[in-house]
Amino acid sequence: MSRQLKATPLTAEQFAPFGQVIDRSQHSHFLINSGTTERYHRMAQVDTGPDDGQAIISIFRKPKADQFPLSIAMLERHPHGSQAFIPLRGKPFLIVVAPAGDRPDPQQMRLFISNGQQGVNYAPGVWHHPLIVTCDEDELLVVDRAGQLANCDEYAFDADQIHWIDWP
Ligand SMILES: NC(=O)N[C@@H](O)C(=O)O
Ligand code: NI
């Protein structure tokens, strides 16, 4: 059986088991500031989890595009908080996820492709691959949790569980 992950369309419904899609084209808005501005309100929820969790805003910048085909040798999760990735340069980026659980099930891994206008917000505990970009000099806004609790578990797949993705 091929271990190449085929892309699933990035829609709110298809991504629902993993979190939310942040997509203006699929979201209502209302006018603010005397009608000069459209507010796409509350597109996703930031989950900062227990204790001293705080929502923080960061920018991830990758000077070099990832090289394809790309092996998915590991996934990670953030058990105590959500993590949102919002493209700043309008460039497609790739999202590899697996359902939350003690360890990622390689058979349930999904590949989604953002068209560069769509962001994603991973729910706490959802397994995902670190950021994968298709173009040099890409930058994404990231909203996730800061706090005392360790909040990044990594899982390395056995050789026979490693899948791969290609682009374009
Ligand atoms: N580790 C880190 O800040 N980045 C990852 O969580 C990621 O999903 O890219
Ligand atoms: Ni992450």
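Every number for a ligand or one of its atoms is a count from 1 in the order of the listing.
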For this session: Looking only at protein heavy atoms, identify the closest one to atom 6 (O) of ligand 1 and say how far it is in Å.
Result: Glu76 OE2, 2.5 Å
Exercise. Against heavy atoms of His128, which atoms of ligand 1 measure under 4.0 Å?
Worked result: 8 (O)
For this session: Report the C-alpha separation of Asp105 and Gln108 in whole Å, then their side-chain angles, then the decisive distance to 0.1 Å, and conclude whether the side chain to side chain donor-acceptor pair (under 3.5 Å) test is met.
Result: CA-CA 5 Å; Asp105 178 352; Gln108 294 193 69; 3.2 Å; yes
Exercise. His78 heavy atoms, cut-off 4.0 Å: which ligand 1 atoms fall inside?
Worked result: 6 (O)
Exercise. Does any N, O or S atom in Tyr122 come within less than 2.8 Å of the Ni ion (ligand 2)?
Worked result: no
For this session: Compute whether any side-chain donor of one residue and acceptor of the other, for Glu76 and His128, lie under 3.5 angstrom apart.
Result: yes
Exercise. Below 3.5 angstrom, do we get any N/O pair linking Gln83 and ligand 1?
Worked result: yes
Exercise. Does an N or O from Asp144, backbone or side chain, lie closer than 3.5 Å to an N or O of ligand 1?
Worked result: no
Exercise. Does atom CZ of Arg61 have more than 12 heavy-atom neighbours, drawn from other residues, nucleotides or ligands, at distances under 6.0 Å?
Worked result: yes
Exercise. From His78, does some N, O or S atom reach closer than 2.8 Å to the Ni ion (ligand 2)?
Worked result: yes
Exercise. Does CZ belonging to Arg103 count more than 12 external heavy atoms closer than 6.0 Å?
Worked result: no
Problem set entry | Positive for side-chain contact (heavy atoms from CB on, under 4.5 Å) with Phe93, one of Ile132, Leu131, Thr134 | Leu131
Exercise. Which of these, Val133, Leu94, Leu70, sits in a side-chain contact (heavy atoms from CB on, under 4.5 Å) with Trp167?
Worked result: Leu94
Problem set entry | Protein residue, atom and distance nearest to atom 9 (O) of ligand 1, heavy-atom basis | Leu131 N, 3.2 Å
Seminar exercise, completed: Atoms of ligand 1 under 4.0 Å from any heavy atom of Phe60, numbered from 1 in the order shown, are 2 (C), 3 (O), 4 (N), 9 (O)
Exercise. Can you name the N, O or S atom of Glu76 that is closest to the Ni ion (ligand 2)?
Worked result: OE2
For this session: Taking the side chain as every heavy atom from C-beta outward, state whether Asp144 and Val142 have any atom pair closer than 4.5 Å.
Result: yes
Exercise. Is the CG atom of Asp160 crowded by more than 12 outside heavy atoms at less than 6.0 Å?
Worked result: yes
Exercise. Hey, does Phe85 sit under 4.0 Å from ligand 1 if you only count heavy atoms?
Worked result: yes
